[in-house]
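Below is one structure, written out as structure tokens, with a few remarks after it.
Every value quoted in this text rests on a predicted model; they were computed, and no experiment measured them. Whatever order the structure lists them in is the order used to number ligands and atoms, beginning at 1.
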Amino acid sequence: MKIIAFVFLLFAMTLFSQKKETKLVDSVGYYIKQANFNTNRLYYKNGLINAQKAIDFSEKKNNPENKSKANATIGYIYFKLHKYNEAILSLKKSIKYFVPKKSLSEKASVYYLLGLCLMEIKNAKEAEYFFDKADVIYINANNSSAREMLNVQKGIVYKTKGNPELARAYFENILVNSEDEDDEFQVKSEALYQIGTIEYGLDRNSLALNYLNRALKVNLKRSNPEQKSRILHALSLVSEKLGDKTKSFNYLKNHLKIKDSIYNDINFKIEEDEYNQFKEIQQFKELNFRKRELEEKEKNSKFSKLISILAIALISILSLLSLSLYKNNIIRNRTNELLKQKNQELFEAKDKAEKAMQARSDFLSTVSHELRTPLNAITGITHLLIEENPKESQIEYLKSLKFSGNYLLTFINEILEANRIESNKIAVEYLNFNLKELIDNIKISLTEIALTNKNKINVEIDPEIPNVLNGDPTKIAQILINLINNGLKFTKNGTISINLKTESDDLETYKIKFLISDTGIGIPDNQIESIFESFSQGSIEINRTYGGTGLGLTIVKNLVEILGGKIQVESKVGQGSVFWFVIKFNKTKNELINIETKPIDLHKLEGKKILLVEDNKINQMITKKMLENKKVLCDIVDSGEDSIEFVKKNKYDLILMDVHLPGINGTTATEKIRKFNTKIPIIALTAISLDENRDSLLAFGMNDVLTKPFDPEEFYKIIAKYI
Ligand code: ADP
């Protein structure tokens with residue numbers, strides 16, 4: 001068996017080296033060539049060294065094809081040295097590095113050699129597997145001589161596996177097919193030998209002897225000592241069975257002789273020590289190689305560890321980032337939600353406050369309106385009664401009735417005014433006016449009140465202050481009258497001074513400091529803080545002694561602030577008080593609008609004709625009476641529609657137009673009258689509530705406004721002014 005293999009391998013390795021002849025350019029190819037050369041000459045040591053070098057180079061270059069070839073070469077040398085286990089390892093490595101383009105015959109040689117090695121260690125099953133792989137290649141290549149050799153091996157496999165019948169069939173097939181060619185002798189003699197041993201196993205010794213003799217005969221045609229040794233051994237056994245002891249002994253002697261020579265042959269070429277030394281070096285190299293591989297792996301694993309750590313860190317950072325973003329988002333949403341809620345609450349609160357304000361305004365408006373109508377009747381009728389020569393004893397009653405009416409009237413007016421200011425319904429007017437004249441008029445109008453407490457009014461105005469300024473004379477007058485009135489009220493036998501000083505003067509504006517001082521009772525320190533609050537009065541005694549509503553200074557303070565100033569006060573009990581504020585005016589070159597406060601001659605009213613438009617019967621009666629007292633002729637209509645007709649048909653000097661009328665109201669009627677008569681003065685009569693204001697009434701074409709209930713003096717004055 002071994003001889004056949006040997007021959008075949010020579011043939012196979014030739015295939016290897018023949019191919020390499022042309023390709024031998026690199027060191028791996030060179031060492032393989034050297035290894036085969038030495039092995040074929042039985043210089044196994046050199047063969048091994050060269051094969052190992054071929055492996056080292058192929059590993060260094062990491063070329064799979066070369067690795068496969070180098071391992072096949074060393075596997076073959078191990079096989080030759082009967083080191084089957086090492087041979088199997090190397091050949092399996094060679095198979096591992098097979099590349100697709102590798103030649104099929106080379107592959108088949110490696111499979112076949114591996115099969116032989118496996119047979120040697122009695123692993124018939126695995127050997128059959130590799131023989132089959134080789135067979136597939138040979139069938140495709142139509143390589144019959146190679147197949148013959150394979151079939152011998154297959155026969156041996158079946159024989160080993162305990163199927164001598166199948167094995168015999170293979171061998172006999174070889175005997176039929178093989179021709180007497182050189183290579184075929186090896187196959188034929190092997191087949192004969194195998195059949196001989198099968199017959200011997202079946203105890204058909206004569207048949208066995210026959211086959212073995214034929215085998216020996218064929219073997220002798222071609223030197224194969226290994227096969228010859230086996231045939232001789234078998235002949236010795238068969239001869240013994242047949243009782244021919246002498247022949248048996250001779251065969252055995254020859255067999256041992258050949259076997260010894262083979263053994264010596266191998267040992268001669270490579271000593272066991274040398275082989276061991278080679279193996280040690282090889283193992284050391286293998287160890288080094290494994291170490292390097294391990295280091296490489298460690299390096300790689302360190303690198304991949306680093307990458308993993310970095311990736312984990314990155315993922316963690318990203319997760320934390322997303323988490324914080326997510327949390328942020330939640331917090332923001334919550335805050336938004338809270339803000340929305342708060343906003344909603346604020347809106348609701350604002351809405352409520354506005355509604356409350358509106359309700360208060362509406363209430364005040366309604367109450368004051370409802371109060372004014374009967375109050376109008378009271379003051380109006382009182383005035384008429386006083387005018388109609390009452391009895392001496394009645395005069396006192398009528399006077400106190402008049403006082404009470406006036407007090408109520410002031411009170412209502414002040415409440416309304418304070419309310420109007422608070423609900424921001426007051427706008428600043430910018431008119432050209434003469435400030436000095438305004439102050440003079442105020443002084444004149446208060447002279448009578450000053451006499452009551454025997455006070456003097458002193459006016460001192462900085463001569464630098466221009467005559468004509470641009471500002472809001474109505475509000476200035478309101479502020480000054482209030483403050484001077486207070487001074488006159490809380491001072492007896494003293495002086496009330498009105499002092500105007502230049503605070504600053506530039507191209508466009510003029511700032512004036514207004515000081516109103518008195519020599520009256522003064523204000524205690526603990527009260528000075530609260531005098532500007534609504535309904536706050538110094539004390540109950542003060543209220544009893546001096547009267548008042550406690551609203552005057554509240555109105556003053558608010559008006560000063562509307563005009564851009566700030567009211568301030570200093571006072572000493574028993575010595576007097578001084579109130580001051582600074583107001584900025586615009587300079588102007590235009591002519592002024594005259595604020596008429598001079599007393600008017602009422603005689604000019606006599607004989608004039610006035611149309612009174614009023615639906616309330618008491619008011620009709622009082623107003624008519626008041627007009628008739630001044631010898632004014634008076635027509636009365638109680639609707640807006642009628643007034644238009646009357647104006648068209650008659651000639652009047654003036655119209656007194658109530659604003660609130662059934663049907664079309666006073667403003668609409670005025671608008672319609674203005675379409676055909678632009679000249680006739682129309683005075684609005686109204687219990688001005690919060691929503692109405694003077695300006696809006698004037699906008700409908702009215703000339704002036706009289707607030708009910710009328711102060712008779714004011715009533716006559718205004719009518720006289722327009723007639
Ligand atoms: P009243 O209508 O009661 O005068 P005011 O708001 O005008 O209301 O004044 C509030 C209080 O301030 C007064 O009751 C009074 O005690 C005090 N007061 C105001 N002006 C003077 C002043 N010139 N001298 C002394 N006390 C004053």
Would you say ligand 1 has an N or O under 3.5 Å from any N or O of [X]?
| X | answer |
| --- | --- |
| T554 | no |
| N486 | yes |
| F490 | no |

Task: ligand 1 contact on N482 by region, counting heavy-atom pairs under 4.0 Å - done: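 Answer for N482: neither.
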Task: Structural part of L553 in contact with ligand 1, heavy atom criterion under 4.0 angstrom - done: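 It is both backbone and side chain that touch ligand 1.
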Open item on the list: On a heavy-atom basis, which atom in K609 and which in K651 lie closest, and how many Å separate them?
Closed with: CD-O, 3.6 Å
Open item on the list: Is it true that, when you exclude E460 itself, more than 12 heavy atoms of the residues, nucleotides or ligands shown sit nearer than 6.0 Å to its CD?
Closed with: no
Task: Other residues, nucleotides, ligands: >12 heavy atoms within 6.0 Å of N328 CG - done: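 Yes.
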- [ ] Examine ligand 1 and decide if any of its atoms is less than 4.0 Å from a heavy atom belonging to G520.
- [x]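 No, that is not the case, since the closest heavy atom of the residue is not under 4.0 Å from the ligand.
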TODO: Verify the distance criterion only: is there a donor paired with an acceptor across the side chains of S497 and N499 at less than 3.5 Å?
DONE: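 Checked: S497/N499 side chains show no N/O donor-acceptor pair below 3.5 Å.
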Open item on the list: Under a plain distance cut-off of 3.5 Å, with no hydrogens placed, do D635 and Y652 share a side-chain donor-acceptor pair?
Closed with: yes
Task: Sub-4.0 Å atoms of ligand 1 with respect to non-hydrogen atoms of K489 - done: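 Atoms satisfying the 4.0 Å criterion: 1 (P), 2 (O), 4 (O).
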Open item on the list: Show the atoms of ligand 1 that are less than 4.0 angstrom away from any heavy atom in I523.
Closed with: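 Answer, ordered by atom number: 25 (C), 26 (N), 27 (C).
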Task: For E348, salt bridge (Lys or Arg N to Asp or Glu O under 4.0 Å) partners two or more places apart - done: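 With sequence neighbours excluded, E348 shows a salt bridge (Lys or Arg N to Asp or Glu O under 4.0 Å) to no residue whatsoever.
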Task: Pick from V573, L483, D518, I516: the one approaching atom 23 (N) of ligand 1 most closely through a non-hydrogen atom - done: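 The option holding the nearest heavy atom is D518.
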Open item on the list: I'd like to check the ring pair (Phe, Tyr, Trp, His ring centres under 6.0 Å) partners of F715; sequence neighbours left out, ordered by chain and number.
Closed with: F710
